[in-house]
Amino acid sequence: KIIGKKRKSLAKQYDKNFNGVKNIKFVNQNYDEVLPHIYPIFFKTSKLRNKIKHALFQSNIETGLHYKPNHLLKFFKTKFQLNLSESTYKRILTLPLHIDLKIKDVNRICEIIKSNIPKN
C-alpha cells in the first residue's frame with residue numbers, strides 16, 4: 001500500500017511538472033483507479049527523444065524504452081509495416097518511477113528535460 005501511494009505521488013508530480021509543456025505529452029490518468037508502474041512521456045520526434053535521453057544519461061539518470069512493437073521482435077517478425085506503432089515507439093521515453101525517488105528528484109529530472117526542449 002505504501003509503495004502504491006509513493007508511485008502515485010511521484011507520477012502526479014511528473015504530471016504537474018509537464019502540464020502545459022510544449023513538445024511533451026504524457027498519459028493523463030486517474031490515479032484513484034490506476035497504479036502506474038512506469039511513467040512514459042511522448043515527444044514530437046525521435047530526435048528530440050534521443051536528445052533528452054542523452055541529457056538525462058549525462059546527469060546519471062537512467063531511462064527506458066518501452067515497449068518495442070511485437071512485429072519487430074524476432075519471434076513475431078512479419079513483413080507487414082505498422083508505421084504508427086513504430087513511430088510511437090521511437091518517440092516514447094520512460095522516466096524513473098521507483099520508490100527510492102523523492103519529489104525533489106522528479107523535479108530535477110523534469111528541469112533537465114524542460115531545459116532541453118525547444119521553446120517554439
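Hydrogens, waters and symmetry mates are skipped; everything else that's a heavy atom, side chains included, is used. Just so it is clear, the structure is predicted and the values come from calculations on it, not from any experiment.
Residue pairs satisfying the ring-ring contact (aromatic ring centres under 6.0 Å, His included) criterion with at least one member in residues 5-59, sequence neighbours excluded, are listed as follows: Tyr14-Tyr39. Among residues at least two apart or in separate chains, there is no ring-ring contact (aromatic ring centres under 6.0 Å, His included) pair with a member in residues 62-81. For residues 51-68, no residue pair satisfies the salt bridge (Lys or Arg N to Asp or Glu O under 4.0 Å) rule, not counting sequence neighbours.
Considering only heavy atoms from C-beta on, Asp15 stays 4.5 Å or farther from Gln29 through its side chain. A 4.5 Å side-chain heavy-atom check between Leu82 and Pro69 finds every atom pair outside the cut-off. The side-chain heavy atoms of Ser85 and Leu72, taken from C-beta on, include no pair separated by under 4.5 Å. Side-chain atoms of Thr94 and Leu65, non-hydrogen and from C-beta on, never get closer than 4.5 Å to each other. In this structure the side chain of Ile24 never reaches within 4.5 angstrom of the side chain of Ile52, judged on heavy atoms.
Atom CD of Gln81 has 12 or fewer neighbouring heavy atoms from other residues, nucleotides or ligands inside a 6.0 Å radius. Under a cut-off of 6.0 angstrom, the local environment of NZ in Lys90 is sparse, with at most 12 non-hydrogen atoms contributed by other residues, nucleotides or ligands.
Lys114 has a carboxylate O that lies under 4.0 Å from a charged side-chain N of Glu111, or vice versa, which qualifies the two as a salt bridge.
In this structure, Arg7 contributes its side chain and Leu97 its backbone to a donor-acceptor pair below 3.5 Å. Using a distance-only test at 3.5 Å, with no hydrogens or angles considered, a donor-acceptor pair links the side chain of Thr88 to the main chain of Leu84.
A donor-acceptor contact closer than 3.5 angstrom links the side chains of Asn17 and Asn107.
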Open item on the list: Under the criterion side chain to side chain contact (heavy atoms under 4.5 Å, CB included), I'd like the reasoning laid out for Ile41 against Ile92: C-alpha separation, chi angles, the key distance, then a yes or no.
Closed with: CA-CA 6 Å; Ile41 56 175; Ile92 294 177; over 6 Å; no
